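Single-structure report; data block below.
Bear in mind the structure is a predicted one, so any value in this text is a computation, not a measurement. For ligands, and for the atoms within them, numbers begin at 1 and follow the listed sequence.
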Amino acid sequence: MNARRTALAALLLAATLPLAAQAQSAAKLKVGLMLPATGTFASLGTAIENGFRLYVAEQGGRLAGREIEFVKVDDESDPSKATDNVNKLVKRDHVDVIVGTVHSGVAMAMARVARDTGTLLIVPNAGADAITGPLCAPNIVRSSFSNWQPGYATGVVAAQKGYKRAMTITWNYAAGNETVKGFTEAFEKGGGKVVKELNLPFPNVEFQALLTEIAAQKPDVVFAFFAGGGAVKFVKDYDAAGLRRTVPLIGSGFLTDGTLEAQGSSAQGLLTVLHYADGLNTPRDTAFRTRYAVTYKLQPDVYAVQGYDAAQTLAAGLQAVKGDTRQREALLSAMRKASIDSPRGRYTLSAAGNPVQNFYVREVRGNENKMTGVAVKMLADPARGCNLR
Ligand code: BEZ
């Protein structure tokens with residue numbers, strides 16, 4: 001929307017709202033962005049912010065007539081600092097909505113504060129199952145996935161490929177453990193067996209001893225969850241250890257998303273499963289990718305899509321109340337019922353607030369995670385422990 005149309009839209013909105021609502025809708029909407037700007041997930045945080053800002057820019061810098069003001073906190077992917085960090089946004093900065101974060105452990109602390117204070121929270125990555133499980137709440141939604149989802153979808157594919165004995169390797173924290181659990185559930189249902197789970201503390205990248213163990217055990221397949229800088233190092237080390245040619249590696253798509261340039265030839269041919277892929281070739285995705293590339297001189301990845309869709313989710317809520325956030329019930333209900341026209345494909349939210357979405361099979365070809373098929377159509381998280389219906 002150009003500047004003149006934006007001004008006209010604001011005038012029309014003012015003419016149709018009562019005075020108190022006009023005052024509210026004239027004020028800026030404060031969005032607290034709690035994302036990693038440092039550490040192994042720093043680039044993931046940048047992509048999420050880029051995606052969010054792109055959608056806001058496409059709407060002329062306003063959502064439902066409200067100009068957006070960003071307040072940013074670097075959460076460093078450090079759970080021990082998470083409660084203090086999120087409290088700064090809620091109690092010091094009085095943000096209207098929090099968007100964050102990448103790391104499951106940090107996000108669980110954010111969800112607890114959001115539940116206690118009633119602050120609106122949109123999670124643009126972290127998959128912690130608890131957020132749309134026991135910690136679910138009407139004011140918490142995701143634009144991403146639950147850890148169970150990509151794990152489960154990858155387990156389906158590994159079993160279909162006929163692998164029987166798998167080893168898993170990941171960081172020992174919620175995202176790693178829950179993704180492995182989802183993988184194991186589907187893989188063993190499909191006739192396979194996870195013979196050994198390997199892990200190391202987050203965000204360590206000393207993989208050598210574990211790679212030696214894989215070489216000794218010679219499973220049919222290795223399933224890995226790593227992301228960001230850790231994924232780059234793991235894929236390179238796996239290749240350098242000579243394992244890529246002897247033991248097939250499969251992963252949830254975080255293993256190769258936003259990392260391919262750094263992984264180079266070591267990632268070629270890797271098979272992963274995720275709710276986004278290169279080569280979807282839909283008009284919606286192509287338009288998004290073109291605008292993202294023009295704006296940031298970068299190709300988007302799954303994190304950029306999730307940031308973009310976090311903004312779309314917020315916009316859906318705000319539009320229903322014409323920007324008046326005091327109409328809380330109506331805003332929350334509109335967000336939760338929204339049908340999001342995502343670059344990944346249209347999706348809706350489950351009763352627990354988690355996307356019900358396709359999971360794609362992807363193969364690394366050059367610098368792309370090329371879509372080669374759909375692993376599971378419209379997969380819903382089981383939302384174990386969530387009492388919202
Ligand atoms: C997580 O901690 O939930 C997570 C981090 C990076 C990629 C995917 C999940």
Side-chain angles (χ1 to χ4, degrees), residues 34-49 51 75-82 85 99-111 121-133 135 140-154 168-183 199-205 223-235 251-260 262-263 272-276 300-307 309-310 344 353-355 357 359 362 369 381:
M34 184 158 152
L35 294 167
T38 49
T40 197
F41 290 159
S43 62
L44 288 58
T46 304
I48 289 169
E49 181 173 347
D75 67 42
E76 303 169 50
S77 295
D78 185 346
S80 73
K81 297 181 183 162
N85 278 331
V99 176
T101 189
V102 170
H103 183 288
S104 276
V106 177
M108 280 194 278
M110 296 173 73
L121 171 64
I122 304 176
V123 181
N125 184 69
D129 289 344
I131 291 174
T132 46
L135 293 177
I140 303 175
V141 294
R142 264 200 273 244
S143 60
S144 52
F145 58 93
S146 73
N147 289 324
W148 178 90
Q149 283 178 306
Y152 186 90
T154 315
T168 63
I169 181 165
T170 188
W171 283 310
N172 186 10
Y173 82 115
N177 296 333
E178 292 170 357
T179 309
V180 164
K181 222 169 153 189
F183 173 84
N199 56 47
L200 70 172
F202 176 87
N204 284 11
V205 289
F223 169 78
F225 166 86
F226 293 105
V232 171
K233 172 93 170 30
F234 178 74
V235 166
S252 58
F254 308 109
L255 196 61
T256 55
D257 229 80
T259 54
L260 288 177
Q263 287 164 334
T272 64
V273 177
L274 203 60
H275 50 289
Y276 188 57
D301 54 21
V302 69
Y303 310 105
V305 170
Q306 293 171 165
D309 292 341
R344 75 187 87 168
N354 192 63
Q357 57 194 337
F359 278 79
R362 306 116 50 91
N369 287 291
D381 177 83

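Proximity of Ala227 to ligand 1, defined as any heavy-atom pair under 4.0 Å, is confined to the side chain (atoms from C-beta onward). Proximity of Trp171 to ligand 1, defined as any heavy-atom pair under 4.0 Å, is not found for any part of the residue. Residue Phe202 does not touch ligand 1, judged by heavy-atom distances below 4.0 Å.
The protein non-hydrogen atom at the shortest distance from atom 8 (C) of ligand 1 is Asn125 ND2, 3.6 Å. When only non-hydrogen protein atoms are considered, atom 3 (O) of ligand 1 lies nearest to Ser104 OG, 2.6 Å.
Between Gln149 and Asn354, the shortest heavy-atom contact is OE1-ND2, 3.0 Å. Taking both residues in full, the closest heavy atoms of Ala227 and Thr40 are given as O-OG1, 4.2 Å, listed atom of the first, atom of the second, then distance.
In this comparison of Val102, Thr179, Asn147, Leu255, the heavy atom closest to atom 5 (C) of ligand 1 sits on Val102.
For Asp257 and Arg362, the salt-bridge test passes: some basic side-chain N is under 4.0 Å from an acidic carboxylate O.
Between Phe202 and Phe41, a ring centre-to-centre spacing shorter than 6.0 Å is recorded.
The N/O atoms of Phe145, backbone and side chain alike, include none that comes under 3.5 Å of an N/O atom in ligand 1. By the 3.5 Å distance cut-off applied to N or O atoms, Tyr173 is counted among the residues near ligand 1.
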